[in-house]
Amino acid sequence: MALPRLGGAPAVWNSAMLVYQALLLGGYAYAHALGRLSLRRQAIIHLALLALAGLTLPIALADLSPPSAGWEPLWVPLLFLLTIGPVFFVVSAQAPLIQRWYGADPAAGDPYWLYAASNLGSFGGLIAYPLLIEPNFRLAEQSVAWSLGYGALVMLVALAAAARWAAPAPAETVGGAEGREPIGWRRIALWLALAAVPSGLMLSTTTHLTTDIVAMPLLWVIPLGLYLLSFVFAFKDRSHTAQVCTRIAPLVVFLAGGMAMLSRGIDAVSTGLAALILLFVAAVALHRRLYLDRPEPGRLTLFYLVMSAGGALGGLFTALIAPVVFDWVWEHPLLILAVAALLPVSPWFNWLDRLGISPAYRRAAVLAVLLAVFVLAGFLYQLVIDKNVAAVLALMVVISWLGVLLFRHRAAFVVALLALLLGRGGYETVHTSLEGARERSFFGIYVVRGEEMDGLRGLTHGTTLHGLQFNDRKRELQPTSYYVPRSGVGLALTNSEQIVGSGARVGIVGLGVGTLACYRKPDERFDFFEIDPVVASFSRDGPFTFLRKCAPGAAMHFGDARLKLEEMPRGSFDILVIDAFSSDSIPIHLVTREAFAIYRRAMAPDGLLLVHISNRYIDLRPMIAGLAAATGMQARLR
């Protein structure tokens with residue numbers, strides 16, 4: 001529902017997740033407060049709130065005016081909060097409440113396994129949405145079906161309450177009176193950290209994964225699905241998967257996490273797969289440590305309250321604070337270092353004992369291994385520059401094994417991982433930030449490069465080049481990169497008079513560095529559609545002059561192109577260019593049947609639609625051909 005308003009950036013999903021975690025915290029706080037009452041009163045209050053929240057159904061987007069530039073990180077969560085807030089708040093209390101009601105029977109035993117069942121259900125619903133529900137049901141049908149499911153949930157809660165109607169008061173339930181088990185601030189701080197780091201890592205992995213492949217919900221759900229599955233394996237009494245993940249976590253953190261500071265020139269598929277493996281293993285290991293430190297059932301709701309507060313803190317840091325504070329996705333390597341600092345200590349073998357090193361020399365031995373890591377990381381940096389892939393991988397394995405030797409020594413283990421991060425691309429990433437050549441917005445990360453491009457300056461979004469301009473004044477306005485005169489868009493705009501006649505009206509979705517502005521003829525009208533004002537600043541008063549010198553009077557429409565084109569009068573453009581990208585991926589809501597119908601409406605009856613479909617990993621040609629046929633157009637590929 002929301003994507004056409006917000007664009008296809010992964011930050012939209014992260015904002016939705018932030019609302020989810022904040023409402024979860026509110027729901028768990030409500031469940032904790034409710035747990036002080038008798039079960040009958042709990043049931044009456046909870047069922048009443050379920051009924052009140054149900055008055056906001058069926059689900060429909062809140063009517064909010066578009067955000068001002070720069071306010072998207074706050075506006076997007078507000079939209080989700082107003083749209084789904086009441087029902088999600090009351091539903092989020094289900095897990096701790098039902099577990100508490102279950103544990104009200106003295107014969108019930110430990111209720112914590114129900115949290116694994118809860119997350120398994122969440123995982124099932126999450127995977128079912130993009131695979132079954134979204135492709136087969138219209139949004140209105142989905143909203144009605146969800147409302148019916150909500151009604152069924154209320155009935156099941158009423159039945160569960162009836163089954164425990166005569167349960168004893170909270171002080172008499174399993175686990176004894178509240179407060180019997182002392183819980184100090186150090187333990188609560190540990191619970192917060194163990195919950196916050198996997199939560200933040202899940203969101204930073206989402207950004208990491210979807211930068212270059214395609215920004216679509218089918219990919220966005222993968223990190224969240226793995227995060228939910230980690231609870232399923234961690235919150236079990238005997239879990240071989242949790243034991244294995246905890247055991248291999250130190251090596252995985254080095255091998256997979258060691259690539260987290262690469263900022264360009266990477267294979268997104270392999271690094272994305274490594275990031276997903278790291279997320280799952282780290283989340284299982286940290287959540288397992290959290291589970292093993294759980295309190296007695298009498299403190300169950302406090303435990304879940306602190307855990308949800310940790311999850312919300314992780315989401316707040318990654319989705320709201322990091323995009324404002326950092327110029328790059330620094331949150332990702334920082335969270336990986338935090339994982340290294342929090343992993344449960346289970347060294348594979350005690351090498352100091354096996355080598356017979358006396359206690360007096362053990363610190364020196366650890367420092368010697370750490371020094372070796374730094375020396376090898378320096379060699380690794382040189383190999384990365386030389387692009388010797390085989391040698392880089394081999395040296396990463398050696399450094400990772402040395403890192404495992406340091407696992408029992410927590411500070412040395414974290415410092416060794418930092419050395420590997422710097423050697424495997426981190427030095428260049430840090431250098432770019434120190435230069436001030438990078439800028440970050442809600443919609444992406446941009447770098448203006450010039451000194452190493454042999455007479456050119458370029459704009460990079462994520463890891464993908466989005467435009468070049470010559471520094472030479474004589475060639476300054478010459479179209480380059482994807483937009484040279486022999487490209488499809490170059491041929492079309494050069495020959496616009498032969499194709500659509502004189503005085504062509506041209507709409508361009510996606511500004512980039514503004515290269516296409518220099519195809520404008522004196523009698524032609526150009527309109528640009530751009531979702532990110534930061535991109536426009538590079539052309540209006542920044543290093544790129546195509547727009548300023550070739551089309552200074554061009555209209556600029558800020559916001560999502562689908563919505564802005566819908567607002568335009570029918571037949572506004574003779575030529576419409578779709579060139580919107582998030583790094584290397586087209587926002588998926590711009591290449592749907594609905595989007596193409598909007599384009600058709602905005603174009604003249606015999607107009608020309610140009611769609612830029614280059615992608616490193618996905619062949620978009622069949623989809624574009626199908627969309628053209630579905631909307632009564634003929635498709636040609638250049």
Side-chain angles (χ1 to χ4, degrees), residues 7-11 204 207-215 259-269 271-272 322-323 326-333 384-385 387 424-471 476 479-484 487 509-517 528 530-547 579-587 612-617:
S204 68
T207 305
H208 200 61
L209 177 68
T210 56
T211 296
D212 286 298
I213 302 175
V214 61
M259 297 185 286
M261 282 178 68
L262 284 166
S263 56
R264 64 168 170 163
I266 59 173
D267 177 2
V269 172
T271 54
F326 299 139
D327 68 343
W328 186 69
V329 283
W330 290 110
E331 62 271 21
H332 193 60
V384 170
I385 293 175
K387 298 182 179 179
R424 187 68 176 94
Y427 286 115
E428 182 187 18
T429 303
V430 172
H431 180 67
T432 304
S433 284
L434 292 176
E435 281 184 321
R438 184 184 281 127
E439 193 161 348
R440 183 174 184 177
S441 75
F442 184 75
F443 299 100
I445 296 165
Y446 309 95
V447 180
V448 177
R449 300 189 184 275
E451 74 286 351
E452 77 275 42
M453 300 187 72
D454 192 24
L456 292 159
R457 56 190 180 274
L459 177 67
T460 300
H461 181 195
T463 60
T464 304
L465 184 69
H466 275 220
L468 291 167
Q469 186 170 21
F470 284 108
N471 294 324
E476 184 182 21
T480 59
S481 64
Y482 312 99
Y483 315 106
V484 293
S487 66
V509 174
L511 176 61
V513 300
T515 313
L516 292 178
F528 287 92
E530 176 56 53
I531 198 169
D532 193 349
V534 169
V535 172
S537 70
F538 293 122
S539 293
R540 281 181 163 174
D541 48 19
F544 303 100
T545 61
F546 291 120
L547 185 64
D579 186 37
F581 279 81
S582 176
S583 191
D584 195 44
S585 61
I586 300 176
H612 185 174
I613 62 168
S614 66
N615 189 280
R616 294 189 186 110
Y617 307 104

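The first residue of the sequence shown is numbered 1, and numbering continues consecutively from there. As the structure is a computational prediction, the values presented were derived from the model and not from experiment. Values below: every heavy atom of this structure, side chains too, minus hydrogens, waters and symmetry copies.
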Are the side chain of Ser204 and the backbone N or O of Glu331 linked by a donor-acceptor pair below 3.5 Å?
-> no
Locate the shortest heavy-atom distance separating Gly512 from Ser539; write the atom from each residue and the value.
-> O-OG, 4.0 Å
Please report the shortest heavy-atom distance between Thr480 and Phe470, naming the atom on each side.
-> CG2-CE1, 3.6 Å
With sequence neighbours excluded, what pairs up with Glu530 under the salt bridge (Lys or Arg N to Asp or Glu O under 4.0 Å) test?
-> none
For Asn471, the side chain to side chain donor-acceptor pair (under 3.5 Å) test, sequence neighbours excluded, returns Arg457
So, for Ser481 and Gly467, which heavy atoms are closest and what is the spacing to 0.1 Å?
-> OG-CA, 4.0 Å
Roughly how far, to the nearest 0.5 Å, is CG of Asp327 from OH of Tyr446?
-> 13.5 Å
Which heavy atom in Ala260 sits nearest to a heavy atom in Pro333, and how many Å separate them?
-> O-CD, 4.0 Å
Would you indicate whether the side-chain heavy atoms of Val430 and Trp330 approach each other to under 4.5 Å?
-> yes
Under the ring-ring contact (aromatic ring centres under 6.0 Å, His included) test, residues paired with His332 that sit two or more places apart = His208
For Tyr427, what residues pass the side chain to side chain contact (heavy atoms under 4.5 Å, CB included) criterion, not counting sequence neighbours?
-> Tyr381, Leu422
With Pro479, which residues qualify under side chain to side chain contact (heavy atoms under 4.5 Å, CB included), at least two apart?
-> Thr515, Tyr519
Going from CG on Leu516 to OG on Ser487, what distance comes out if it is rounded to the nearest 0.5 angstrom?
-> 8.0 Å
Say you draw a straight line from CZ of Phe326 to CZ of Arg440; how long is it, rounded to the nearest 0.5 Å?
-> 8.0 Å
What is the minimum heavy-atom distance between Met261 and Thr429, and which atoms define it?
-> O-OG1, 2.6 Å
Can you find a heavy atom in the side chain of Val513 that is under 4.5 Å from one in the side chain of His466?
-> no
Asp579 and Tyr482: side-chain donor and acceptor closer than 3.5 Å?
-> no
Counterpart residues, side chain to side chain donor-acceptor pair (under 3.5 Å), relative to Thr545 (two or more places apart) | Gln469, Glu476
Can you find a heavy atom in the side chain of Leu511 that is under 4.5 Å from one in the side chain of Phe538?
-> no
